[in-house]
Amino acid sequence: MNKRDQLYEGKAKRVYESDDPEILIVSYKDDATAFDGKKKGTIKGKGAINNRMTNHFMKIIENQGVPTHFLEELNDRETAVKRVRIVPLEVIVRNISAGHFASRYGVEEGLVFDEPVVEYSYKNDELHDPLINDDHAVALKLASREELALIRAYALKINEILKAALLEVGVTLVDFKLEFGKTSDGTLVLADEISPDTCRFWDRETGEKLDKDRFRRDLGGVEDAYLEMRLRLLGE
Ligand code: UDP
């Protein structure tokens with residue numbers, strides 16, 4: 001699989017065309033950003049960890065019946081994925097209050113919800129990814145009602161799959177962000193990444209944060225947290 005023209009460079013990944021028009025190559029970077037891009041830095045080794053961890057989760061999710069864009073891990077940092085048109089929604093699932101949920105609604109972090117909360121942000125950097133509901137998404141023609149129903153069902157199923165996988169390694173899944181895309185034949189699939197950049201992971205015993213909040217909040221031990229998650233999930 002050869003990398004051809006770079007299609008896109010995002011905050012944490014570059015995307016390249018390949019010899020096959022239906023296949024793209026994603027390359028994970030060590031760059032980290034937070035607070036709408038205002039905070040910038042590097043997390044050494046992050047690209048390789050997020051690549052491996054995303055693929056680990058994508059395989060589990062695909063095996064349990066949710067279609068994904070994952071095709072093949074090419075090397076440490078690069079993975080072949082199906083070409084999709086990204087649905088411009090950040091789909092956030094929350095099990096416990098944290099981050100913007102806590103600040104927006106004026107509650108402490110750590111409240112355990114009776115049921116998961118699913119919310120959407122409109123992926124639009126100029127507008128700073130505003131929170132929207134189903135009606136807004138339909139009005140803006142970002143997705144149809146049917147697609148939103150499928151996205152919600154997939155997001156809740158992925159939550160159960162990830163919670164179970166993380167429980168086995170002593171980690172609580174607090175919240176996470178997903179992105180979905182449509183393949184050329186119109187199939188809705190899970191895309192993007194699932195990593196400490198896009199999830200909040202708390203150690204079940206100590207509550208220690210094992211995710212990008214260590215970078216966002218200058219808690220120190222950022223690289224070690226990513227390495228710890230890799231060790232627990234991938235055994236290396
Ligand atoms: N998240 C993300 N990308 C974003 C915004 C949020 O991956 O642009 C993830 C974040 O890591 C967390 C969850 O989505 O696991 C919920 O994030 P929240 O809305 O609390 O915002 P944050 O405080 O992370 O900016």
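The figures that follow rest on heavy atoms only: side chains count, while hydrogens, waters and symmetry mates do not. Along the sequence shown, the residues carry numbers beginning at 1. In each ligand, atom 1 is the first atom listed, and ligand 1 is the first ligand listed. Fair warning: this is a prediction, and the values are worked out from it, not measured in the lab.
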Quiz prompt | Which residues share a side-chain contact (heavy atoms from CB on, under 4.5 Å) with N63, sequence neighbours left out | solution = none
Quiz item: If you count the atoms of ligand 1 from 1 in the order shown, which ones are under 4.0 Å from a heavy atom of C199?
Solution: 11 (O), 15 (O)
Self-check item: Salt-bridge criterion met for R4 and D20 (N-O under 4.0 Å)
Solution: no
Quiz item: Which ligand 1 atoms are under 4.0 Å away from a heavy-atom of R200?
Solution: 12 (C), 15 (O), 16 (C), 17 (O), 18 (P), 20 (O), 22 (P), 23 (O), 24 (O)
Practice problem: Give a yes/no on ligand 1: does D197 have at least one heavy atom closer than 4.0 angstrom to it? | Solution: yes
Quiz item: At a 4.0 Å threshold, what atoms of ligand 1 neighbour a non-hydrogen atom of F176?
Solution: 14 (O), 15 (O)
Practice problem: Please report which non-hydrogen protein atom sits nearest to atom 6 (C) of ligand 1, along with the residue it belongs to and the distance in Å to one decimal place. | Solution: I92 CD1, 4.3 Å
Quiz item: Do ligand 1 and D129 have nitrogen or oxygen atoms that lie under 3.5 Å from each other?
Solution: no
Exercise. Check D211 against ligand 1 and report side chain, backbone, both or neither, counting heavy atoms closer than 4.0 Å.
Key: neither
Quiz item: Does W202 reach the side chain of L210, with side-chain heavy atoms less than 4.5 Å apart?
Solution: no
Quiz item: In terms of side-chain geometry, is the basic nitrogen of D31 or R14 positioned less than 4.0 Å from the acidic oxygen of its partner?
Solution: no
Self-check item: Protein residue, atom and distance nearest to atom 21 (O) of ligand 1, heavy-atom basis
Solution: H100 ND1, 2.8 Å
Quiz item: Is I132 close to S121 at the side-chain level, that is, under 4.5 Å between some pair of heavy atoms?
Solution: no
Quiz item: Picking from N133, I92, D134, what satisfies side chain to side chain contact (heavy atoms under 4.5 Å, CB included) with Y120?
Solution: D134
Quiz item: Using 4.0 Å as the upper bound for N to carboxylate O, is an ion pair formed by K177 and E179?
Solution: yes
Quiz item: In the protein, what heavy atom is nearest to atom 15 (O) of ligand 1, and what distance, to one decimal place, separates them?
Solution: D175 OD1, 2.6 Å
Practice problem: Answer yes or no: does an N/O atom from R216 fall short of 3.5 Å to an N/O atom of ligand 1? | Solution: yes
Quiz item: With a 6.0 Å cut-off on ring centres, are F57 and F70 close enough?
Solution: no
Quiz item: With the threshold set at 4.0 Å, does a side-chain nitrogen-carboxylate oxygen contact exist between E17 and K3?
Solution: no
Quiz item: Which protein heavy atom lies closest to atom 1 (N) of ligand 1, and at what distance to 0.1 Å?
Solution: K177 CB, 3.7 Å
Quiz prompt | Heavy atom of the protein closest to atom 19 (O) of ligand 1 (residue, atom name, distance) | solution = R94 NH2, 2.6 Å
Quiz item: Taking non-hydrogen atoms only, is E90 closer than 4.0 angstrom to ligand 1 via side chain, backbone, both or neither?
Solution: side chain
